[in-house]
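Just so it is clear, the values below take in all heavy atoms, side chains as well, and ignore hydrogens, waters and symmetry mates. Heads up: numbering here begins at 1 and tracks the sequence.
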Amino acid sequence: MSKSSELFARAQKVIPGGVNSPVRAFKAVGRTPIFMDHGKGARLYSTDGEEFLEYCGSWGPLIFGHCRPEIFNAVNQAAQKGMSFGTCCEAEVKLAELMTSMIPNMDQVRLTNSGTEATMTALRLIRGTTGRKKVIKFEGCYHGHADAFLVAAGSGLLTNGVSSSEGVPEEVVQDVYVLPYNDLKAVQDLCDDIGPELAGIFVEPAAGNMGLIPPVAGYLQGLRDVCDKHGSLLVFDEVITGFRFCPGTFGMYAGVSPDITCLGKIIGGGMPIGALGGKREVMENLAPLGNVYQAGTLSGNPVAVAAGTAMLTLLRDENPYPQIKELGDIYTKGITDILTEKGLNYNFQRLEGLFTLFFGEGPQHKLEDVNRCDTEIFAKWFRMMCDEGIYFSPSQYEVGFISAAHTKEDIVYTLEKAEKVLASL
Ligand code: HOZ
């Protein structure tokens with residue numbers, strides 16, 4: 001019996017489903033989870049000693065791969081001074097200063113412990129600021145696991161074949177309107193009706209929890225215009241996209257400015273952290289200045305913010321984005337050539353370092369398009385690539401991440417394995 005299987009058997013006795021986050025159970029890919037022991041650069045090593053060239057990167061934040069010395073050393077030094085104070089500390093001010101200097105439309109930022117906390121607070125904040133209840137979200141977008149967002153949500157819910165969660169009272173979601181992604185007209189039509197009562201719109205500016213779905217031309221600006229027309233607030237959930245496209249937000253990359261941006265693990269270089277930030281007049285409605293409440297002992301934790309500061313400083317000073325783009329170009333060409341050569345009707349979507357190979361005909365613009373994909377074939381692809389030592393995010397509904405720790409040789413190696421596996425699916 002492998003060590004991973006042994007650990008999974010033990011885990012199932014003491015942790016529901018044996019996992020602390022559902023996608024990790026590998027239910028959708030028809031095998032048991034691989035327990036990882038350590039990571040280095042673009043590679044993960046399992047407890048059984050297997051080596052994986054990986055494209056999950058802890059779901060995005062590891063833009064420099066595992067254990068980049070500057071980030072590791074920052075954590076080490078901070079931890080030696082204390083793990084948690086539950087008080088103000090200089091390090092949290094430094095990270096906030098850095099973030100607001102890198103993101104022009106972020107006058108102020110409130111640090112949380114996860115992306116879920118950030119979006120949950122943003123929801124309360126837009127309702128508190130506007131005095132309105134109604135919000136719009138999109139099918140297949142995932143904004144963490146706060147009650148109001150667990151309707152037609154992406155990521156683990158889609159992976160497990162359920163669109164909403166039990167335990168969420170109807171009253172909590174009755175003011176949440178769900179529309180198809182990338183369909184601006186649907187938003188405009190609904191807002192002709194509910195516009196004056198609309199607190200705001202939540203959107204992943206490039207969707208990354210139903211596979212990768214870029215916004216169609218004009219979509220994000222259209223959402224901005226709808227919000228402006230009705231006095232509503234626009235929230236970009238950038239837990240997946242933040243700092244993946246440029247040393248700032250996807251909003252900056254796309255040239256559209258939201259009222260609030262939510263960020264997650266990415267600003268902690270892999271440590272647990274989250275943040276919401278935006279215009280001063282909105283942010284100042286948060287307690288203790290305003291009456292919208294949010295709090296947390298571990299918010300602004302000195303170790304997490306030290307990691308984040310090291311990470312964002314590296315991103316700003318090293319600018320790894322052209323390198324990641326170049327690797328993405330090589331991978332895209334390689335995969336599309338293989339698909340064409342083999343006459344396979346699958347569709348590869350990619351933006352810079354984010355990608356998804358959809359096992360169905362494309363393009364994928366919205367959840368309905370993704371739902372037509374063959375998840376059984378995806379599962380087979382995932383398992384066979386694992387056997388070849390390549391680890392992708394374990395669901396058709398998640399994205400892959402290319403990091404600055406990957407090399408051209410890594411991409412070429414991955415393509416060789418992909419060609420072999422695609423030929424035998
Ligand atoms: N929902 C996460 C990806 N979008 C997965 C988190 C995890 O299992 O670590």
Side-chain angles (χ1 to χ4, degrees), residues 39-44 52-68 71 102-103 115 142 155 204-215 236-254 261 263-270 308 311-336 347-358 362-364 385 390-415 417-418:
K40 184 122 191 63
R43 284 169 174 74
L44 273 172
F52 295 96
L53 176 55
E54 71 127 335
Y55 291 92
C56 181
S58 190
W59 305 96
L62 304 185
I63 302 180
F64 293 105
H66 297 271
C67 297
R68 172 81 191 227
I71 301 171
M102 292 172 83
I103 306 173
Y142 179 70
S155 189
E204 289 183 75
N209 282 288
M210 49 176 156
L212 175 72
I213 305 201
F236 280 0
D237 178 344
E238 298 226 24
V239 170
I240 298 282
T241 53
F243 292 94
R244 291 286 332 179
F245 294 84
C246 64
T249 60
F250 189 88
M252 289 160 63
Y253 175 84
T261 300
L263 293 155
K265 45 210 161 220
I266 207 111
I267 57 153
M311 173 82 183
L312 298 194
T313 305
L314 282 173
L315 290 172
R316 185 193 60 194
D317 297 348
E318 285 195 4
N319 189 21
Y321 304 97
Q323 181 199 339
I324 291 173
K325 181 182 184 313
E326 195 190 346
L327 296 176
D329 288 344
I330 300 171
Y331 192 53
T332 304
K333 181 166 182 331
I335 287 284
T336 43
N347 181 43
F348 186 72
Q349 294 194 166
R350 171 206 150 226
L351 258 187
E352 310 288 345
L354 265 64
F355 64 86
T356 299
L357 175 56
F358 288 103
Q364 278 71 27
M385 286 301 275
I390 313 279
Y391 182 82
F392 290 115
S393 304
S395 163
Q396 175 70 100
Y397 294 97
E398 302 283 357
V399 297
F401 300 88
I402 295 172
S403 76
H406 288 102
T407 62
K408 282 184 194 162
E409 291 70 37
D410 288 337
I411 302 290
V412 170
Y413 181 78
T414 306
L415 287 168
K417 300 296 180 188

Shortest non-hydrogen contact between Phe401 and Cys56, atoms and distance: CD1-O, 3.1 Å

His406 (side chain) donor-acceptor with Glu54 (main chain) under 3.5 angstrom: yes

Side-chain touch Val239/Trp59, heavy atoms, less than 4.5 angstrom: no

Nearest-0.5 Å distance that lies between atom CD1 in Ile402 and atom CG in Leu327: 6.0 Å

Residue pairs involving residues 237-250 (criterion salt bridge (Lys or Arg N to Asp or Glu O under 4.0 Å); sequence neighbours excluded): none

Side-chain heavy-atom pair Ser403, Ile63 within 4.5 angstrom cut-off: no

Donor-acceptor under 3.5 Å (Ser393 side chain, Val399 main chain): yes

For the student: nearest non-hydrogen atoms of Ala405 and Gly65, plus distance: CB-CA, 3.7 Å

Check: Phe250 and Phe243 side chains under 4.5 Å, non-hydrogen atoms: no

From Met311 atom CE to Ile71 atom CD1, the distance as rounded to the nearest 0.5 Å: 5.0 Å

Heavy-atom side-chain contact between Arg43 and His66 under 4.5 Å: no

Any donor-acceptor N/O pair, Glu352 side chain to Phe245 backbone, under 3.5 Å: no

Backbone of Met252 reached by a side-chain donor or acceptor of Thr249 within 3.5 Å: yes

Side-chain touch Thr241/Tyr253, heavy atoms, less than 4.5 angstrom: no

Ile103 vs Leu263, side-chain contact (heavy atoms from CB on, under 4.5 Å): CA-CA, chis, key distance, verdict: CA-CA 12 Å; Ile103 306 173; Leu263 293 155; 4.2 Å; yes

Check: Thr356 side chain, Phe358 main-chain N or O, donor-acceptor pair, under 3.5 Å: no

Tyr55 side-chain N/O to Phe392 backbone N/O, donor-acceptor pair under 3.5 Å: no

Pairwise distance CG(Leu53) to CD(Glu409) - rounded to 0.5 angstrom: 11.5 Å

Residues Leu315, Tyr321; criterion side-chain contact (heavy atoms from CB on, under 4.5 Å); working and verdict: CA-CA 9 Å; Leu315 290 172; Tyr321 304 97; 3.5 Å; yes

What donor-acceptor contacts under 3.5 angstrom involve side-chain atoms of residues 206-213, with partners at least two apart or in another chain?
| from | atom 1 | to | atom 2 | distance (Å) |
| --- | --- | --- | --- | --- |
| Asn209 | ND2 | Glu204 | OE1 | 3.0 |
| Asn209 | ND2 | Glu204 | OE2 | 3.4 |

Over all atoms of both residues, closest heavy-atom pair of Ala404 and Pro320: CB-CB, 3.7 Å

pair Arg68-Leu314: side-chain heavy atoms closer than 4.5 Å: yes

Ion pair Lys325/Asp329, N-O distance below 4.0 Å: yes

With Lys40 via salt bridge (charged side-chain N to carboxylate O under 4.0 Å, His left out) - residues at least two apart: none

Least distance between heavy atoms, Ser58 atom then Pro61 atom: O-CD, 2.9 Å

Centroid-centroid under 6.0 Å between Phe348 and Tyr331 rings: yes

Considering all heavy atoms, the nearest Ile411-Ile330 contact: CG2-CG2, 3.9 Å

